[in-house]
Amino acid sequence: MADCKPMPSPMISGLKLSSTDGSPFHDPSLYRLVVGALQYVTITRPEISYCVNKVCQFMHNPLDTHWKTVKRILRYLSGTASYGLQFSPSIHSHLVAYCDSDWGSDPDDRRSTSGYCIYLGGNLISRSSKKQPVVSRSSTEAGYRCIASTITELTWLRSLLSE
């Protein structure tokens, strides 16, 4: 992948990965190895967290369509090697949070995906992207669950900072 053509984004917008679309990948251990390494990359490259979360859901039975998505993430990383988290001093120390949810985004189990990122000053200090534990009946319910998990993290961070 050293000489691959870089991609402008880590995943195609609106892509719905499923456990039934495609044929079995020829080397599941290679898939698990590469996706496991991508999990560590998300520590310094949080913009790929959602994509890596999606491909991690198929580690038990990867298909060739999932492998194509993994290769796209790798191509994106090769073109953006100079990107990463940067921490800089800030004159204010306010906690600012952003969150969003994708209602019923998983075509297999219809569970929603939630994500948030929390900044202290201008620096990212906490982020998450994961499937919600239950099926939400509406986009509003999925949004409330997302807000609740964000508030939980904010409350914990506030108490940690006050100590």
Side-chain angles (χ1 to χ4, degrees), residues 1-19 22 25 27-90 92-103 105-108 111-133 142-143 145-147 149-154 156-158 160-161:
M1 302 269 332
D3 298 325
C4 67
K5 179 181 173 190
M7 296 304 288
S9 64
M11 192 172 189
I12 298 171
S13 180
L15 179 67
K16 302 283 186 187
L17 294 175
S18 174
S19 61
F25 184 58
D27 190 358
S29 61
L30 173 65
Y31 182 88
R32 292 180 191 106
L33 179 77
V34 173
V35 172
L38 285 173
Q39 286 179 310
Y40 284 102
V41 174
T42 62
I43 294 170
T44 58
R45 299 293 300 271
E47 80 273 17
I48 65 168
S49 294
Y50 177 81
C51 306
V52 173
N53 173 295
K54 285 299 180 189
V55 295
C56 281
Q57 295 174 20
F58 304 102
M59 301 249 291
H60 64 286
N61 186 24
L63 302 176
D64 54 351
T65 54
H66 306 142
W67 180 245
K68 287 178 186 174
T69 305
V70 169
K71 288 196 313 186
R72 183 179 175 104
I73 296 169
L74 292 172
R75 290 172 61 190
Y76 168 77
L77 289 172
S78 76
T80 58
S82 62
Y83 291 12
L85 285 178
Q86 296 180 358
F87 293 98
S88 58
S90 178
H92 64 84
S93 59
H94 301 337
L95 284 173
V96 178
Y98 301 95
C99 67
D100 195 13
S101 62
D102 187 5
W103 178 49
S105 59
D106 190 304
D108 295 325
R111 291 193 301 175
S112 305
T113 301
S114 292
Y116 64 78
C117 55
I118 300 173
Y119 294 85
L120 177 63
N123 301 306
L124 180 68
I125 60 168
S126 180
R127 82 243 181 329
S128 174
S129 174
K130 62 182 172 180
K131 240 194 241 188
Q132 293 181 354
R145 290 183 189 282
C146 180
I147 291 169
S149 65
T150 306
I151 295 296
T152 302
E153 183 73 5
L154 272 171
W156 179 79
L157 285 169
R158 197 170 113 210
L160 180 68
L161 291 170

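The first residue of the sequence shown is numbered 1, and numbering continues consecutively from there. Everything quoted here is computed from the prediction, not taken from an experiment.
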*Asks:* State, to 0.1 Å, how close Ser129 and Asn53 come at their nearest heavy-atom pair, and which atoms those are.
*Replies:* O-ND2, 2.7 Å

*Asks:* Can you find a pair of side-chain heavy atoms, one from Leu161 and one from Leu95, that are under 4.5 Å apart?
*Replies:* yes

*Asks:* Does Lys16 NZ have over 12 foreign heavy atoms under 6.0 Å away?
*Replies:*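 Atom NZ in Lys16 is crowded, with more than 12 foreign heavy atoms closer than 6.0 Å.
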
*Asks:* I'd like to check Val34 versus Val55 (side-chain heavy atoms, cut-off strictly below 4.5 Å). Are they in contact?
*Replies:*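 No, their side chains stay 4.5 Å or more apart.
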
*Asks:* Which pair of heavy atoms, one from Pro10 and one from Ile48, lies closest together, and at what distance?
*Replies:* CB-CG2, 4.1 Å

*Asks:* Sub-3.5 Å donor-acceptor pair from the side chain of Asn123 to the main-chain atoms of Ser88, do we have one?
*Replies:*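 Pair found, side chain donor or acceptor close to backbone of Ser88.
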
*Asks:* Name all pairs fulfilling the ring pair (Phe, Tyr, Trp, His ring centres under 6.0 Å) condition that reach into residues 53-72, sequence neighbours left out, sorted by first residue then second.
*Replies:*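 Output for this query lists Phe25-Trp67, Phe58-His66.
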
*Asks:* Enter the distance from Arg158:CZ to Leu120:CG here, rounded to the nearest 0.5 Å.
*Replies:*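 Reported to 0.5 Å precision, the distance equals 13.5 Å.
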
*Asks:* Does a side-chain heavy-atom distance below 4.5 Å link Ser19 with Gln57?
*Replies:*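 A side-chain contact under 4.5 Å is absent here.
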
*Asks:* Quiz question: by atom type and distance under 3.5 Å, do the side chains of Ser149 and Ser114 form a donor-acceptor pair?
*Replies:* no

*Asks:* Looking only at heavy atoms, what is the nearest atom pair of Ile147 and Cys99, with distance?
*Replies:*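 Heavy-atom minimum between the residues: CG1-SG, 3.8 Å.
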
*Asks:* For residues 47-65, which residue pairs pass the salt bridge (charged side-chain N to carboxylate O under 4.0 Å, His left out) check, not counting sequence neighbours?
*Replies:*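 For residues 47-65, and leaving out neighbouring residues, the salt bridge (charged side-chain N to carboxylate O under 4.0 Å, His left out) pairs sorted by first residue read Arg45-Glu47.
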
*Asks:* How many angstroms lie between CD1 in Ile125 and CG in Leu160, if you round to the nearest 0.5 Å?
*Replies:* 8.5 Å

*Asks:* Quick one: CZ on Arg145 to CD on Gln132, what's the gap to the nearest 0.5 Å?
*Replies:* 6.5 Å

*Asks:* Of all heavy-atom pairs between Gly115 and Cys146, which one has the smallest distance, and what is that distance?
*Replies:*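 The pair with the smallest heavy-atom distance is O-SG, 3.6 Å.
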
*Asks:* Would you call Leu74 and Leu38 a side-chain contact if the rule is heavy atoms closer than 4.5 Å?
*Replies:*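 Yes, their side chains come closer than 4.5 Å.
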
*Asks:* Within a 6.0 Å radius of atom NZ on Lys131, are there more than 12 heavy atoms belonging to other residues, nucleotides or ligands?
*Replies:*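 Yes - once you tally the heavy atoms of other residues, nucleotides and ligands closer than 6.0 Å, there are more than 12.
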
*Asks:* Starting at CD1 of Ile118, measure out to CH2 of Trp156 and round the result to the nearest 0.5 Å.
*Replies:*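 Reported to 0.5 Å precision, the distance equals 10.0 Å.
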
*Asks:* Can you check side chain to side chain contact (heavy atoms under 4.5 Å, CB included) on Leu154 and Tyr116, steps first, answer last?
*Replies:* CA-CA 10 Å; Leu154 272 171; Tyr116 64 78; over 6 Å; no

*Asks:* Indicate the atoms forming the closest heavy-atom contact of Ser18 with Leu63, along with that distance.
*Replies:*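 That closest heavy-atom pairing would be O-CD1, 3.9 Å.
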
*Asks:* Working to the nearest 0.5 angstrom, can you tell me the gap between Met7 CE and Ser78 OG?
*Replies:* 10.0 Å

*Asks:* Please identify each residue that fulfils side chain to side chain donor-acceptor pair (under 3.5 Å) with Ser101, with sequence neighbours left out.
*Replies:* none

*Asks:* Measure the CD1-OG distance between Ile43 and Ser49 for me, rounded to the nearest 0.5 Å.
*Replies:* 10.0 Å

*Asks:* Of all the heavy-atom pairs spanning Val35 and Cys56, show the shortest one and how long it is.
*Replies:* CG1-SG, 3.4 Å

*Asks:* If you count heavy atoms of other groups shown closer than 6.0 angstrom to OH of Tyr83, is the number above 12?
*Replies:*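 No, the 6.0 Å shell around OH holds no more than 12 heavy atoms from other groups.
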
